[in-house]
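Chain A is the first sequence line, chain B the second, and so forth, proteins listed ahead of strands; every chain is numbered from 1. Heavy-atom basis, side chains included; hydrogens, waters and symmetry copies ignored.
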Protein chains: 2
Amino acid sequence: MPRQVDHDARRRQIAEAVWRLAARGGLEDVTLRQVAAEAGVSARLLQYYFGTRPQLLLGALEILNTEGEQRARQRIELLGDDPGTHAIVRGVLLELLPLDEERHDRHLVYVAYFVRFLSDPDLAPAARQAPPALENLVTGLLTHAQELGEVRPDVDAPAEAAYLVAGAEGLQSRMLLGQYTPEQAVALIDHQLARVFNAETGERPQPDSA
Amino acid sequence: MPRQVDHDARRRQIAEAVWRLAARGGLEDVTLRQVAAEAGVSARLLQYYFGTRPQLLLGALEILNTEGEQRARQRIELLGDDPGTHAIVRGVLLELLPLDEERHDRHLVYVAYFVRFLSDPDLAPAARQAPPALENLVTGLLTHAQELGEVRPDVDAPAEAAYLVAGAEGLQSRMLLGQYTPEQAVALIDHQLARVFNAETGERPQPDSA
DNA sequence: CGGTTTATGGTTCGATCGAACCATAACACG
DNA sequence: CGTGTTATGGTTCGATCGAACCATAAACCG
């Protein structure tokens, strides 16, 4: 069924236009006419593929979510098999940083949606899931590393995991504001990881897989 | 000149309406008519006190900034004289958390403005100053504490300060999303502070001064 | 080949937006 | 007392918005 492919491709094309506009001027610039112009299609098509404007916003966000998850998983797998817990945690945290244009725009779009997440009952579930999931993942990885002896038993795994993730999110904002270079932000994360992990278990700072 | 007082009070009244609307629905809900209704004044007054809509957005942000600085300084001074470096750093970091309604709304408004900071040349300077200033302040405090022996000499003060501030900012986002209670967030910060500072220099976790 | 669904463009409508314009109270000062 | 500045409300205009409506080309199906 080649129809389905066309259909999804069209939705994706339109969603990308929404992302670009939201990353620039915020959600208030995401008007049906502007999206249509940015996507190079007629305004009627937005109605056809997404319906009303709130549905367009929601749909574009859902596509961004699934796409982001895919990319993250790919980049983690790109570390090779058995990359070591240290490297995996590092990969998860770096995923939160805007280290390339794709992640830059994605995180920016999330910020543009943020305030809506709090009040809009349709948008809320799309954003409330990811962060705790990440934190639980890191907690699990740290606990695992503790059992392997790669992390000293006196570190509070949940507390450290929570602050590692929170710190990465904070660095994300600052990078978006242009106040940290990618190198500085990565160095700060590596500094914390070097503290949590025993030194000898650390991978050499291999460049972020693009 | 009681005129000036009235003038500023009016501007503040209008700015508060802008904040409330931005904290709910984001900047796209900050329309001149809605602000007028929320503030209980006529739309004409917004023009009179602020001019055009971009000027209103900018003015409301500036008022929020100065007000936020004042409040922060007050709360720090409320710690008493010579509260100890540990307590001061703690106070600075807690200022980033939405621990009361005032800070909740303020941080929310910043998020609503965030995307604009990146593209709007008028808005940008209002937001780019604060974060690095905070970080430098914490770095200075940690270095000072190091000289006093309250922090071990082998900790990297700038790196730890940067991650402390970044972590507090990350916790801020999660609290706004309702994923952390104030107690949990404060506990995470205290956990990090206990690690950076020598144990005996720590104040007992005195409740956040409201 | 004929009909039904799918996919697309164009147009129009009522609502709302930002901003300019017009009016006039209230108070200040000479 | 009068006159001018300050402070406020109301109205209107052109532009734009979201959404509904109308049309039709293309593709698929019996």
Counting side-chain heavy atoms from CB outward, which of [options] is closest to [X]?
{"X": "A:Arg53", "options": "D:dA7, D:dG18, C:dA7", "result": "D:dG18"}
{"X": "B:Tyr49", "options": "C:dA19, D:dA20, D:dT8", "result": "D:dT8"}
{"X": "A:Arg33", "options": "D:dG18, C:dA19, D:dA20", "result": "D:dG18"}
{"X": "B:Leu32", "options": "D:dG9, C:dT8, C:dA19", "result": "C:dA19"}

Counting just side-chain N and O atoms, does [X] come under 4.0 Å of either OP1 or OP2 of [N]?
{"X": "A:Thr31", "N": "D:dG18", "result": "yes"}
{"X": "A:Arg44", "N": "C:dG9", "result": "no"}
{"X": "A:Tyr48", "N": "C:dA7", "result": "yes"}
{"X": "A:Thr52", "N": "D:dA19", "result": "yes"}

Item checked: Option among B:Val109, B:Asp105, B:Ile14, B:Leu61 that satisfies the side chain to side chain contact (heavy atoms under 4.5 Å, CB included) test with B:Trp19 -> B:Val109
What is the distance, to the nearest angstrom, from the [atom1] atom on [X] to the [atom2] atom on [N]?
{"X": "B:Asp29", "N": "C:dT16", "atom1": "CG", "atom2": "P", "answer": "13 Å"}
{"X": "B:Gln13", "N": "D:dT8", "atom1": "CD", "atom2": "C1'", "answer": "12 Å"}
{"X": "B:Leu46", "N": "C:dA20", "atom1": "CG", "atom2": "C1'", "answer": "14 Å"}
{"X": "A:Gln34", "N": "D:dG18", "atom1": "CD", "atom2": "C1'", "answer": "14 Å"}
{"X": "B:Leu45", "N": "D:dT6", "atom1": "CG", "atom2": "P", "answer": "15 Å"}
{"X": "B:Gln47", "N": "C:dA19", "atom1": "CD", "atom2": "P", "answer": "7 Å"}
{"X": "A:Glu28", "N": "C:dT16", "atom1": "CD", "atom2": "P", "answer": "18 Å"}
{"X": "B:Leu57", "N": "C:dG18", "atom1": "CG", "atom2": "C1'", "answer": "12 Å"}

Check: Do the non-hydrogen side-chain atoms of B:Val155 and B:Gln146 ever get within less than 4.5 Å of each other?
Finding: yes
Note to self: Do A:Arg128 and A:Phe117 form a cation-pi contact, if we require the NZ or CZ to be under 6.0 Å from the six-membered ring centre and within 45 degrees of the ring's axis?
What the structure shows: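 Geometry flag: not set, cation outside 6.0 Å or 45°.
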Checklist line | Inter- and intrachain pairs under side-chain hydrogen bond (donor to acceptor under 3.5 Å, both in side chains), touching residues 58-72 of chain B, at least two apart | finding: B:Arg12-B:Glu67, B:Asn65-B:Tyr110, B:Glu69-B:Arg73, B:Arg71-B:Glu102
Next item on the list: Please state whether the rings of A:Phe197 and A:His86 are parallel, tilted or perpendicular, taking 30° and 60° as the class boundaries.
Entry: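 Ring orientation of A:Phe197 relative to A:His86: parallel.
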